[in-house]
Amino acid sequence: MPLILYNSLTRSKEAFQPVIPGQVRMYCCGVTVYDYCHLGHARSYVVWDVIRRYLQWRGYQVRYVQNYTDIDDKILKRAAETGQDWQRITQIYIQAYQEDMARLNILPADLYPQATASMPAILDLIEALVTEGYAYAAAGDVYYAVEKFPRYGQLSGRSLDQDSAGSSGRLGDGDQKKQHPLDFALWKAAKPGEPSWESPWGAGRPGWHIECSAMVKVCLGAEIDIHAGGSDLVFPHHENEIAQSEVISQRPLARYWMHNGFVNVGGEKMSKSLDNFTTIRQLLDTPLEVLEGEKLDPMALRLFVLQAHYRKPIDFTEDAIVAAQQSWQTLKEGLLFGYDHGLQLGWPDAQDPDFGDPSSMRISKIDEPMQRFQSAMDDDFNSPGALVDFI
RNA sequence: GGCGGCAUAGCCAAGUGGUAAGGCAGGGGCCUGCAAAGCCUUUACCCCCAGUUCGAAUCUGGUGCCGCCUCCA
């Protein structure tokens, strides 16, 4: 039975075939570290954690890389608002991110590259793009010329003509310097007082998209297997990454593009701008009335996420939280019972010296429930289907 | 407007052409001195309208909702 996954690039399910048989190189777009993570982030990283673990369980050797965007307008804004050094801000929220993820039982990535530590690779890539004629300098900025890349729009399914009409109403800073409305900044000239790095175009800092192209290349190579992130990254972020990387490497940036659905509140996307978000630590640390004063178990939050298919939206409601907490209780009691009494009952799993160690789970793959588990997960990581036998 | 996704009971959700799993919540019951826990039991013409088919929740078209198109997981 092959592993099937939905590829955003082709908008269809495909059999998974990594570039190098038996190995998976996976890159996941991480967070911009200027604030605490909310449930949307929790969902995303739980999902990719499970997919990564499943691939490992399936026998693949997985190398998983996730970046931190640690230089960005929002970080500088936050620094200005709080009167703290911008590097202090990124330090605080990287720490917080790691704590939150650990609580959610998310395995650490093999590598966490940071934009500010990747300047040579970023500058190399921008220089190559300028040299090859895909980018142009304009008053200290450097922009990518989207019209030079014929396949621009392939991932997000849009054409340059449509978008130039649609975006004409909102020209932002620097848009006058662009040759096409969708051209995007690879390098931004430093404004007075801003942190900056030296470049052939003057002091400045990288645009958002270029760091991922550069770090993927450095950490995983020219053509990776899976590039993952939230659906909101499809355009422009991932579209731009493709444009930047593929004209230089002449190879696909990633074979499979995967995007997770959002966490909704009252039918709307949870987001900062709508001010309808709950942070992970807020949810986990606050005694909840609906749980009769108990706190939500982090594993129940994980279960809440996995009870929905990763591409579908999930609604964050009190009912769902209560149900997840209850289901986790039941599941946990079952697991503890097995752990405490499995040996006396003669369960074969309990004979395993690593029994109970989650990092070395070895469940027989021949049982019928495990067959159902595997065929559900093999079908585009259908975790709700896979959990059927366990809850 | 362009592109994409989703539509199954109060809530979550399985199901991929042959007359609807499961969980949570709710109802009823067993047990108990009472309660909790536990156990048993109970709750669906699969949004609607057309079409394809001997037969559709499952396929096609319409419809409704959501997301992206500006920073966003």
Side-chain angles (χ1 to χ4, degrees), chain A residues 4 6 8-9 11-13 28-32 34-35 37-48 66 69 72-75 77 97 153-173 175 181-182 184 207-209 228-239 258-264 266-274 277 280 290 292 300 303-331 333 372 375-376 379-380 382-391:
Chain A
I4 305 286
Y6 181 87
S8 305
L9 188 64
R11 291 179 197 89
S12 57
K13 286 186 182 179
C28 170
C29 286
V31 283
T32 301
Y34 73 103
D35 204 350
C37 287
H38 59 64
L39 266 20
H41 303 105
R43 179 187 192 181
S44 192
Y45 299 118
V46 164
V47 160
W48 306 126
Q66 185 177 131
T69 297
D72 167 271
D73 287 344
K74 285 178 180 166
I75 294 168
K77 188 172 167 230
Y97 176 86
Q154 185 188 33
L155 177 68
S156 53
R158 66 197 69 222
S159 77
L160 291 175
D161 314 342
Q162 289 162 2
D163 273 301
S164 54
S167 58
S168 59
R170 31 171 195 268
L171 290 173
D173 274 0
D175 283 359
L182 282 185
F184 54 93
W208 175 36
H209 316 294
S231 313
D232 44 5
L233 299 183
V234 172
F235 188 88
H237 187 55
H238 288 162
E239 192 73 62
M258 299 183 70
H259 296 97
N260 68 276
F262 300 123
V263 174
N264 288 169
E268 283 184 312
K269 177 187 174 185
M270 177 178 286
S271 71
K272 296 261 176 172
S273 46
L274 287 169
F277 64 92
I280 295 170
V290 287
E292 285 156 359
L303 192 57
F304 164 69
V305 167
L306 297 175
Q307 276 180 308
H309 182 85
Y310 78 93
R311 284 191 287 125
K312 280 193 184 182
I314 42 176
D315 256 299
F316 175 60
T317 61
E318 290 192 340
D319 278 356
I321 287 307
V322 173
Q325 179 89 327
Q326 302 275 23
S327 298
W328 169 244
Q329 280 306 326
T330 307
L331 186 54
E333 278 161 23
R372 283 196 293 270
S375 61
D379 181 14
D380 195 29
N382 180 191
S383 55
L387 285 168
V388 156
D389 282 300
F390 300 96
I391 301 175

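Lettering of chains follows the sequences in order, A, B, ..., and the numbering in each one begins at 1.
- Considering only residues two or more places apart in sequence or on other chains, A:S12 meets the side chain to side chain contact (heavy atoms under 4.5 Å, CB included) condition with A:T10, A:E14.
- The stretch residues 37-44 of chain A touches RNA chain B through A:H38, A:G40, A:H41, A:S44, each having a heavy atom within less than 4.0 Å of the strand.
- Across all strands shown, B:G1 is found opposite B:C69 as a Watson-Crick or G-U wobble partner, with both distances under 3.5 Å.
- Atom pair A:Q325:CD and B:G23:P shows a separation of 18 Å (rounding to whole Å applied).
- In this structure, the side chains of A:M258 and A:W48 come closer than 4.5 Å at one or more pairs of heavy atoms.
- Separating the C1' atom of B:A25 from that of B:C11 is a span of 7 Å, rounded to the nearest Å.
- Considering all non-hydrogen atoms of both residues, A:G230 and A:S44 come closest at N-OG, 4.4 Å.
- Look at NZ on A:K269: it is 9 Å from P on B:G67, rounded to the nearest Å.
- Following rounding to the nearest Å, A:L233 (CG) and B:C3 (P) show an atom-to-atom distance of 22 Å.
- Across all non-hydrogen atoms, the minimal contact from A:A308 to A:S383 is O-OG, 3.5 Å.
- Within the 4.0 angstrom heavy-atom criterion, only backbone atoms of the sugar-phosphate kind lie near A:S327; the bases stay farther away.
- Checking B:A73, B:C66, B:C3 against every side-chain atom of A:T32, the shortest atom distance belongs to B:A73.
- Across all strands shown, B:U16 forms no Watson-Crick or G-U wobble pair with both key distances under 3.5 Å.
- On the C1' atoms, B:A13 is 13 Å away from B:C46, given to the nearest whole Å.
- At the heavy-atom level, A:V47 lies nowhere under 4.0 Å from the strands shown.
- For A:S327, there are no side chain to side chain donor-acceptor pair (under 3.5 Å) partners two or more places apart in sequence or in a different chain.
- In terms of position on RNA chain B, the residue among A:S271 and A:E268 whose nearest nucleotide sits closer to the 5' end is A:E268.
- Pairing for B:G33 is absent, judged as Watson-Crick or G-U wobble with the two contacts each under 3.5 Å.
- A search for side chain to side chain donor-acceptor pair (under 3.5 Å) contacts involving A:S271 returns A:S273, not counting sequence neighbours.
- Using the Watson-Crick or G-U wobble rule with both distances under 3.5 Å, B:A21 pairs with nothing in any strand shown.
- Between the CD atom of A:E239 and the P atom of B:G2 there is a distance of 19 Å, given to the nearest Å.
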**Residue pair A:Y34, A:D72: steps toward the side chain to side chain contact (heavy atoms under 4.5 Å, CB included) verdict** = CA-CA 9 Å; A:Y34 73 103; A:D72 167 271; 5.5 Å; no
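- Partners of A:K13 according to the side chain to side chain contact (heavy atoms under 4.5 Å, CB included) rule, which considers only residues two or more places apart in sequence or in another chain, are A:I4, A:Y6, A:R311, A:D379, A:D380.
- The distance from atom OH of A:Y310 to atom P of B:A73 is 19 Å, rounded to the nearest whole Å.
- Both distances falling under 3.5 Å, in either a Watson-Crick or a G-U wobble arrangement, place B:A50 opposite B:U60.
- Residues forming a ring-ring contact (aromatic ring centres under 6.0 Å, His included) with A:H237 (at least two apart in sequence, or on another chain): A:W208, A:H209.
- Taking the C1' atom of each, B:C45 and B:C39 are spaced 32 Å apart, rounded to whole Å.
- B:C71 and B:G26 are spaced 44 Å apart, taking the C1' atom of each and rounding to whole Å.
- Look at the P atom in both B:U60 and B:G22: the space between them is 29 Å, to the nearest Å.
- Annotation: B:G18 and B:C3 have their P atoms spaced 33 Å apart (nearest Å).
- Between A:L182 and A:F235, the closest side-chain pair of non-hydrogen atoms falls below 4.5 Å.
- B:C31 and B:G38 have their C1' atoms separated by 9 Å, with the value rounded to a whole Å.
- Taking the salt bridge (Lys or Arg N to Asp or Glu O under 4.0 Å) definition, one finds that A:K272 meets it with A:D35, sequence neighbours left out.
- Taking atom NE2 of A:H238 as the reference point, atom P of B:A73 lies 10 Å away to the nearest angstrom.
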**Request:** Produce a footprint string for nucleotides 6-16 of chain B: one letter per nucleotide, 5' end first; B if the base is under 4.0 Å from any protein heavy atom, S if only the sugar-phosphate is, - if neither.
**Result:** SS---S-SSSB
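- At the heavy-atom level, A:G30 lies under 4.0 Å from the strands shown only through sugar-phosphate atoms.
- Taking the P atom of each, B:G23 and B:C40 are spaced 10 Å apart, rounded to whole Å.
- You'll find that the side chain of A:R158 is closest to B:C68, out of B:C71, B:C68, B:A73.
- Taking atom CH2 on A:W328 and atom P on B:G23, their separation rounds to 18 Å, with Å as the unit.
- In this structure, the CG atom of A:D232 is 17 Å from the P atom of B:G5, given to the nearest Å.
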Provide a list of protein-nucleic acid N or O atom pairs under 3.5 angstrom, restricted to nucleotides 25-28 of chain B.
residue: B:A25; atom: OP1; partner: A:Q326; partner atom: NE2; Å: 3.1

Please tabulate, for the side chains in residues 312-324 of chain A, all donor-acceptor contacts under 3.5 angstrom to protein atoms that are two or more places apart in sequence or on a different chain.
residue: A:D315; atom: OD1; partner: A:G267; partner atom: N; Å: 3.3
residue: A:T317; atom: OG1; partner: A:A320; partner atom: N; Å: 3.1

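- Comparing A:S156 and A:K272 along RNA chain B, the residue whose closest nucleotide (by nearest heavy atom) sits nearer the 5' end is A:S156.
- Within the 4.0 Å cut-off from OP1 or OP2 of B:G5, at least one side-chain nitrogen or oxygen of A:Y6 is found.
- B:A44 is unpaired under the Watson-Crick or G-U wobble criterion, no partner having all donor-acceptor distances under 3.5 Å.
- By the ring-ring contact (aromatic ring centres under 6.0 Å, His included) test, A:H238 is found to be paired with A:H227, A:W257, A:H259, residues two or more places apart in sequence or in another chain being considered.
- In this structure A:E239 satisfies the side chain to side chain donor-acceptor pair (under 3.5 Å) test together with A:S156, sequence neighbours excluded.
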